[in-house]
Amino acid sequence: MSDNCAIHERISLNYHLFHRAQAANDLRHLILDISRAAKYVSYEIQTSESGFSGGTNISGEEQLKLDVLSDDIFRQHLCESELVCCYSSEEQEEVIELAKDAPYSVVFDPLDGSSLVDTNFAIGSIIGIYEGDKILGRKPREQVAALYVLYGPRTTLVYSTGKGVHEFILNDVGEFILFREFLGINDDAKNYSPGNLRALSSNDKYKSVVQGWLDRELTLRYSGCMVTDIHHILSKGQGIFTNIGGNKYPDGKLRLAFECGPFAYLIEQAGGKASDGTQSILDKEITDLHQRTPIIIGSKNEVENVCAQLK
Ligand code: FDP
């Protein structure tokens with residue numbers, strides 16, 4: 001790097017990937033292409049008509065026009081990158097093949113929390129990147145990068161390529177600029193974020209976990225969008241998020257490949273922990289693209305405490 005480039009008032013995502021994370025060129029380009037897709041999603045959220053598309057996804061959930069649009073935007077950018085041999089999206093039933101012999105496979109949820117679109121709450125996109133041409137049979141620990149984009153009052157992007165977790169803010173000229181580097185998570189949680197609470201009527205152990213948080217007067221922070229709730233933990237540097245099974249969803253509501261896997265990678269990079277109650281989410285094999293898993297994620301001591309109570 002020339003001395004003339006050494007002083008930077010703004011650190012762009014590209015600069016950070018290149019000089020700080022020293023990411024392989026292909027991986028850097030892929031993350032930049034994904035970040036471009038997210039800018040279009042952000043724009044569509046602000047400008048396009050909401051409402052249902054008339055279709056349902058593989059999990060039987062009604063798709064919004066924005067779900068379909070976001071999925072298309074990601075597909076187009078992954079295609080254009082020529083770096084992705086295949087991808088799996090929460091909105092698609094099967095693996096979609098793209099550029100043969102390209103180095104990466106991608107898993108993503110193009111619009112997480114889309115049931116909140118009409119309420120104008122924050123929502124997000126979640127992405128995991130693997131080397132090679134396979135998604136089934138992989139474990140989230142094999143990801144070479146994970147990132148999410150949060151569309152809130154500000155649009156922020158958080159990524160890791162295995163060298164810490166870093167946060168960027170989308171500025172007015174459309175560039176992601178470094179906001180905070182090396183986000184970390186304390187071992188103890190002061191906030192809790194309990195998902196799938198409908199399970200309490202059939203899962204007494206989950207019920208006593210939640211009662212424990214009430215008794216200890218922890219602070220409730222739950223938005224109903226996993227991206228926002230996980231970002232709260234990374235942002236505040238502590239907290240716990242759970243989505244645990246009950247009668248309606250025996251394995252909880254959340255998917256291993258597109259949601260829990262990428263977040264487990266990011267949270268463990270930040271010094272936290274992610275478990276399904278018995279094993280690390282990072283060591284769970286993806287045997288079905290849309291498989292669900294219970295998840296307990298966040299501050300280490302609280303994750304271990306909850307897992308012990310669920311045994
Ligand atoms: P949504 O269905 O709105 O897309 O992925 C599913 C998800 O949102 C998560 O973002 C969120 O954490 C969860 O559902 C909310 O589940 P509960 O309604 O059970 O709390």
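FYI, the numbering just counts along the sequence from 1. Indexing begins at 1, ligand by ligand and atom by atom, following the structure's order.
Scanning the protein heavy atoms around atom 19 (O) of ligand 1, the nearest turns out to be Arg198 NH1, 2.7 Å. For atom 12 (O) of ligand 1, the nearest non-hydrogen atom of the protein is Met226 N, 3.3 Å. Closest to atom 3 (O) of ligand 1 among all protein heavy atoms lies Ser115 OG, 2.6 Å. Summary of contacts: the protein heavy atom closest to atom 11 (C) of ligand 1 is Gly224 O, 3.3 Å. Atom 4 (O) of ligand 1 has its closest protein heavy atom at Gly113 N, 3.0 Å.
Taking only nitrogen or oxygen atoms, main chain and side chain alike, Asn196 reaches within less than 3.5 Å of ligand 1.
The closest approach between a heavy atom of Tyr222 and any atom of ligand 1 is below 4.0 Å. Under a 4.0 Å heavy-atom criterion, Asp112 is in contact with ligand 1.
Trp213 has its side chain within reach of Pro194: a pair of non-hydrogen atoms, C-beta onward, lies under 4.5 Å apart. Counting only heavy atoms from C-beta outward, the side chains of Thr219 and Lys190 never approach each other to under 4.5 Å.
Between Asp204 and Lys207 there is no salt bridge, since no side-chain nitrogen of the basic residue lies less than 4.0 Å from a carboxylate oxygen of the acidic one. Using a cut-off of 4.0 Å between Lys/Arg side-chain N and Asp/Glu carboxylate O, Lys134 and Glu142 are scored as not salt-bridged. A salt bridge is absent between Asp109 and Arg255; no separation between the charged side-chain nitrogens and carboxylate oxygens falls under 4.0 Å.
Shown in contact with Glu259 at under 4.0 Å from a heavy atom are these atoms of ligand 1, numbered in order with element: 5 (O), 6 (C). Under a 4.0 Å criterion applied to the non-hydrogen atoms of Ser114, ligand 1 contributes the atoms 3 (O), 4 (O).
Its side chain within the 4.5 Å cluster rule, Ile169 clusters with Phe179 among the Ile, Leu, Val, Met, Phe, Trp and Tyr residues.
At a heavy-atom distance under 4.0 Å, only side-chain atoms of Lys253, from C-beta outward, approach ligand 1. Looking at Leu254 against ligand 1, only its side chain comes within 4.0 Å, counting heavy atoms.
Of all heavy-atom pairs between Phe108 and Leu78, the closest is CE2-CD1, 3.6 Å.
Here CG of Leu111 is found 4.0 Å from CD1 of Ile123. Values are rounded to the nearest 0.5 Å.
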